[in-house]
Amino acid sequence: MTGVSSNVVDAEVVTARGIARDLAAAVSRFFWRRPARDEAGNWNPTGGHNECGYWLPSGWQQTVADPAVVYGWQPEMALAAVMGHGLDLIDVDPRNGGRLDPAR
């Protein structure tokens with residue numbers, strides 16, 4: 001992140017972890033996913049399970065709500081949540097093919 005001090009990034013990470021921890025304590029079942037890597041050690045966005053770029057942990061569907069799992073997250077990992085158990089979300093990230101207007 002060019003031009004952004006590490007203190008700002010650290011503050012954003014602390015804030016994001018706090019929000020995720022609160023969601024995990026309330027209703028969500030979070031787990032983290034390790035990135036898929038190529039032979040050179042670079043992230044492979046089409047590797048991993050179902051070519052999603054990440055490896056799913058065994059038994060992720062049975063994840064229990066545990067706020068402490070948020071603290072296992074490290075940069076480059078994906079923090080994911082099991083849906084349909086107290087919380088349902090939809091990803092509409094327009095940077096990655098999502099749409100802001102679901103009526104379109």
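Only this structure's heavy atoms are used, side chains among them; waters, hydrogens and symmetry mates stay out.
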Hits for side-chain hydrogen bond (donor to acceptor under 3.5 Å, both in side chains) against Thr46, two or more places apart or cross-chain, chain-then-number order -> Asn44
List the residues meeting side chain to side chain contact (heavy atoms under 4.5 Å, CB included) with Trp60, not counting sequence neighbours, and say none if there are none.
Phe31, Leu56, Pro57, Thr63, Val82
Under 4.5 Å between side-chain heavy atoms, counting indirect links through other Ile/Leu/Val/Met/Phe/Trp/Tyr residues: same cluster for Tyr71 and Val13 or not?
no
If you link I, L, V, M, F, W and Y whenever their side-chain heavy atoms are under 4.5 Å apart, who else ends up in the same group as Trp43?
Tyr54
Considering all heavy atoms of both residues, which atom of Gly47 and which atom of Ala36 are nearest to each other, and what is their separation?
C-CB, 3.6 Å
Residue pairs passing the side-chain hydrogen bond (donor to acceptor under 3.5 Å, both in side chains) test where at least one lies in residues 31-40, sequence neighbours excluded:
Arg37-Glu76
